[in-house]
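Throughout, a chain's letter reflects where its sequence line sits, starting with A, and its residues are numbered from 1. Computed from a predicted structure; not experimentally measured.
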Amino acid sequence: MKEWKRTHTCGELRPAHVGQTVRLNGWVHRIRDLGGLVFVDLRDRTGLVQVVFDPAIDAELHRRAGDLRVEYCVAIAGEVRRRRPGAENPKLATGEIEVFAHALHVFSPSKTPPFPINEENLQVDEMVRLKYRYLDLRRPAMYARLELRHRVVKFIRDFLSERGFLEVETPILIKSTPEGARDYLVPSRLYPGKFYALPQSPQQLKQLLMVAGVERYFQIARCFRDEDPRADRQPEFTQLDLEMSFVERDDILNLIEELYIGIVEQCSSKRVIKPFPRLTYDEAIARYGTDKPDLRFGMELCDLTDALRETQFQAFRNVIESGGIVKAIAIPGCAGYSRREIEELTEFVKRFGAKGLATMALTEEGIRSPIAKFLSEDELQAILARTNAQTGDLIAIVADTPRVVHEALGRLRQRMGIQLKLADPNLMAFAWVIDFPLFEWDEAEGRWNSTHHPFTAPHEEDIPLLDTDPSKVRAQCYDLVCNGNELASGSIRIHRRDLQDKVFKLLGYTDAEIQERFGHLLEAFEYGPPPHGGIAPGIDRTVMLLTDDETIRNVIAFPKNTAMVDVMFGAPSPVSEEQLRELHIRIVLDEDDAERHGARED
RNA sequence: GGGGCUGUAGCUCAGCCAGGUCAGAGCGCUAGCCUGUCACGCUAGAGGUCGCGGGUUCAAGUCCCGUCAGCCCCGCCA
C-alpha cells in the first residue's frame, strides 16, 4: 500500500494542480477505450477524475489499461495536465484537467457488478440493492445520503452541546413494559425463563436522568418496535431523544424550532417558513382532518353541517340528525374528472370508513352533480360560498361521524395535494400541533388510553376535569409535523407523584400493575423530581424529508426489507441447538410455521 | 390479520387485455477495430426452466386456480 498511497483525492483536482505528479486511489467508474487511447474515470467518495493512458507515455501501461474493468479498485500515478481546448467537461468538477498516467496498480479486481454503479437515474430492484448494499452505497447518490445524515447528526450534536446539553447513553437491554408497541425480547442465559427487552424509546430513562439532575440530556438513540413495517418505518430506527428540566412547553418548542431551521438551512437547499405555525389539535383536525397536516397547500376542509341542517337530502340530513357532520374540500381543476375517476376517489375514501363521496363539479356549463337535484338553491350557494370553489374545481363532500369525515377528507386532501403537485417539493412546511387530548377512548378495550404516553402532564387548568370529564383534559404535549409527516412528539411530564397516580388509575392500572411496570420511576419521583419535559424527533424521517426519498430505507445504511428481513445477512436466522439449550429455550412451531420456515439450524 | 400492484436475459423493460414466428429491445458482458473520448463509436457474439406448482387447450409468458417473493396501503405503531 505504502508506495501507492494517494497524495490527492479524485474530486479535488483543479487547474491549480496542473504540472503536479499525483497518486490517486479509487474505483474504475467508467472506461472509454478508443484503441490508441484509453480514458478511465476514476472515482472515490469525493468525485470523479479522468485518467488518460497514452501509449506515447508508456506503451505497456497503455496495454494494461485495456485490461481494466469497471469497479476494479486501483491506484494510479500520473501528471495533472490541463485538458486541451474544447476537450473540457463542464459536467465534472474536475473537468478542466485530466491525469496522464505513468503507473497503475490494481489493488483488487471486481466481478461485473449485479447492477450498474455508474448510472445515477436507474431504478434497480430494491431486493438486489439490499442484497449487495455495499455496492449500492458505492453509488454517489447513496454516499451523499450517508453524508447528509452525518451532517444532520453532527449539526444536532454541535447545536445541543453549545447549549449545555449532555449526551448520555442509556441501556439497550432493559425491561419489558408491555405498553404501546410490541417489544423485542432478548432471552437471559443466566436467568432461565427471563427476558430483557430492547427499548421502544429511552422514555423512562431520560426522565430518571432528570431526577438525577442532568437537566439537559440528549442522545442519538436507537429505538426498537416490533410492529409491521411501512415505507417510513423500520423495526429499528433512530431518534434524537431529548429532555430538559425547569422548562415549560415553549422552551422546548423554541429550542427545537431553532434546531430544525438550522438543520434545513445548514444541511440542505430547502426553504422553511419561519416561525413555525402552531395549531391546536382541534384546529388541525377541523381544518385538515389530520393531526399531521401538510401545510404546503390549502384545500382546507369546510364545514357544511349548519348550512345543510334543514336539507331535504336524506343522506345528509340523517347523518346530521344523528350527531354527524358534513364537510367538503374543493379539489382544484378536477371538475373534468370522469365517472371512473370519481368512482376511484369514492373507493379511496371508503377505505377510511366513509360510506360514500358526494361530488359537485363546477364546470363552465354549471354545476354537474348527482346530488344537486336534492339540494335547494340556498344550500347549493352555501356550499359554493363556504368551499370558496372556483370554476373548474371538484367539490368532494363526506357526511358521517366527525372521526370518519376527518379521516376520509384528510386523506383525500393529502393524496390530491401530492397528485396535483400542489405541494412544493422544495418547501419544508413545519408546524407545531399542540393541546392534544390527554386521553382517547379505546372502543375495543373499553377504557381510556394515553394519547401520547402516561407520563404526559395535563394542562394545569384542566386537572379538575380528570374527575369529571377525562375526554376534555388537554395534554401539555406537542408534535412537530412537516409536509404531512409526524417528525417529533413530546410533552411536559408529570412530576407530582399524586397526579401520576391519578392518571395511572384513570388508565385502569391496578396498584400491582403500576408497581410492576413503573415502580422504579415512581419511587424516583419521591426524591425531589424537577419539573421537566422533552421531545424525540425521528432522525431517519428528518433525513428522508431532506432527500425527498419515498422510503426511510434509503437513508439507513443497512435497512431491513418490508418483511423485516436483512437480505444481506439473512437475518433472522435459525440458531444452533446448543445456543437454544444455553438460553433454556425450546422452539414450538405449529404445522404451518414448520412448513414455511425451518427454525433450527441443521 | 386484510387489500392492491408487481414477478420475462446480470440490470431496466416490451410481449399478456384478442392463446399459434413470442424468446425480444436497450444497457451491461465477451471478442475484434478505433489517438480526444467523457452515456465514446463501429462490427460480431454469448446469455432466459417467461417466480414456482397444477389446470384448461391440439397448443400457455399469454387464460384459470393455488403458492412463493417483492413493493405499497389498512389494522397495528402508549
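- Computed from coordinates, the A:L130 CG to B:A69 P distance equals 16 Å when rounded to whole Å.
- In this structure, the CD atom of A:E407 is 14 Å from the P atom of B:C73, given to the nearest Å.
- Here the separation of B:U67 from B:U21, taken at their C1' atoms, is 33 Å to the nearest Å.
- Note: CG (A:N118) to P (B:C11) measures 16 Å, nearest angstrom.
- By the neighbour-count criterion of 12 heavy atoms within 6.0 Å, atom OH of A:Y196 is sparsely surrounded, having that number or fewer from other residues, nucleotides or ligands.
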>> I'd like to know whether A:Q239 forms a side-chain contact (heavy atoms from CB on, under 4.5 Å) with A:I539, so could you lay out the CA-CA distance, the side-chain angles of the two residues, the decisive distance to 0.1 Å, and finally the verdict.
In response: CA-CA 5 Å; A:Q239 284 188 339; A:I539 299 288; 5.6 Å; no
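- If you check B:U30, B:G70, B:U12 against the side chain of A:R69, the one that comes closest is B:U30.
- A salt bridge does not link A:E227 with A:R225: none of the charged nitrogens is closer than 4.0 Å to a carboxylate oxygen.
- Near RNA chain B, meaning a heavy atom under 4.0 Å from it, residues 341-356 of chain A has A:R351, A:F352 in order of number.
- The same atom, P, is picked in B:G47 and in B:A31; the two are 16 Å apart, to the nearest Å.
- Nucleotides B:C64 and B:G4 have their P atoms positioned 15 Å apart, rounded to a whole Å.
- In a base pair of the Watson-Crick type (N1 to N3 plus N6-O4 or O6-N4) or a G-U wobble (N1-O2 and O6-N3), with each distance short of 3.5 Å, B:G66 is matched with B:C52.
- Closest to the side chain of A:T112, from the set B:G28, B:C76, B:A78, is B:G28.
- Among the heavy atoms of the strands lying under 4.0 Å from A:R230 is at least one base atom, whether or not backbone atoms are also near.
- Ring pair A:F436/A:Y281 is tilted by interplanar angle, where 30° to 60° counts as tilted.
- Rounded to the nearest Å, the gap between the C1' atom of B:G45 and that of B:C38 is 27 Å.
- Here B:G36 is in the anti range [glycosidic angle more than 90° from 0].
- Stacking of A:R81 on the aromatic ring of A:F100 is recorded, both the 6.0 Å distance cut-off and the 45° axial limit being met.
- Separation of the C1' atoms belonging to B:G20 and B:A60 is 10 Å when rounded to the nearest angstrom.
- In this structure, A:N449 does not reach the B:A78 phosphate: none of its side-chain N or O atoms is under 4.0 Å from OP1 or OP2.
- Taking a pair to require two hydrogen-bonding distances under 3.5 Å in either a Watson-Crick or a G-U wobble arrangement, B:A44 pairs with B:U30.
- A gap of 15 Å separates the P atoms of B:U56 and B:C65, to the nearest Å.
- Whole-Å rounding puts the A:R415 CZ to B:C72 P distance at 18 Å.
- A distance below 6.0 Å separates the ring centres of A:H8 and A:H17.
- Straight-line distance from the CE atom of A:M564 to the P atom of B:C77: 14 Å, rounded to whole Å.
- Across every strand in view, B:C76 sits unpaired, with no contact that passes the Watson-Crick or G-U test at under 3.5 angstrom.
- If you measure from atom NZ of A:K131 to atom P of B:A69, you get 16 Å, rounded to the nearest angstrom.
- Map A:F455 and A:E550 each onto its nearest nucleotide of RNA chain B; the residue landing nearer the 5' end is A:E550.
- By the neighbour-count criterion of 12 heavy atoms within 6.0 Å, atom CD of A:E347 is densely surrounded, having more than that number from other residues, nucleotides or ligands.
- If you find the closest nucleotide of RNA chain B to A:P229 and to A:H452, the one lying nearer the 5' end belongs to A:P229.
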> Can you give one letter per nucleotide of nucleotides 35-44 of chain B, 5' to 3': B if a protein heavy atom sits under 4.0 Å from the base, S if only from the sugar-phosphate, - if neither?
Replying inline: BBBBSB----
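- Contacts of A:D226 with the nucleic acid, taken as non-hydrogen atoms under 4.0 Å apart, are absent.
- Looking at A:V49, A:N118, A:L24, A:L48 one by one, the single match for side chain to side chain contact (heavy atoms under 4.5 Å, CB included) with A:R43 turns out to be A:L48.
- The environment of CZ in A:R403 is sparse: at most 12 heavy-atom neighbours from other residues, nucleotides or ligands sit within 6.0 Å.
- For the OP1/OP2 pair of B:A78 and a distance below 4.0 Å, the side-chain nitrogens and oxygens of A:R225 include at least one atom meeting the criterion.
- B:C50 sits 13 Å from B:C13 when the C1' atoms are compared, rounded to a whole Å.
- Listed nucleotides: B:A78, B:C73, B:C77. Nearest to the side chain of A:P454: B:A78.
- Rounded to whole Å, the P atom of B:C11 lies 15 Å from the corresponding atom of B:G28.
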> What one-letter contact string describes nucleotides 3-10 of chain B from 5' to 3', where B marks a base within less than 4.0 Å of any protein heavy atom, S marks contact via sugar-phosphate atoms alone, and - marks no contact?
Replying inline: -------S
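- A:Q123 comes within 4.0 angstrom of the backbone, heavy atoms only, and of no base.
- Cation-pi contact between A:R411 and A:F348: absent, since separation from the ring centre below 6.0 Å together with deviation from the ring axis within 45° is not met.
- Ring geometry, A:F455 versus A:H453: the interplanar angle falls from 30° to 60°, so the pair is classed tilted.
- With respect to the salt-bridge test (charged N to carboxylate O, under 4.0 angstrom), the residues A:R32 and A:D41 qualify.
- Ring planes of A:F439 and A:W448: tilted class, angle from 30 to 60°.
- Pairing of B:G24, defined by two Watson-Crick or G-U wobble distances under 3.5 Å, is identified with B:C13.
- Atom CZ of A:R411 and atom P of B:C72 are 15 Å apart (whole Å).
- Annotation for A:R474: atom CZ counts as buried by contact number, over 12 foreign heavy atoms lying within 6.0 Å.
- A:T280 and A:D282 share no side-chain donor-acceptor pair at under 3.5 Å.
- Within the nucleic acid shown, A:R553 comes within 4.0 Å of sugar-phosphate atoms alone, with no base atom in reach, counting heavy atoms only.
- Atom NZ in A:K292 sits roughly 10 Å away from atom C1' in B:C77 (whole-Å rounding).
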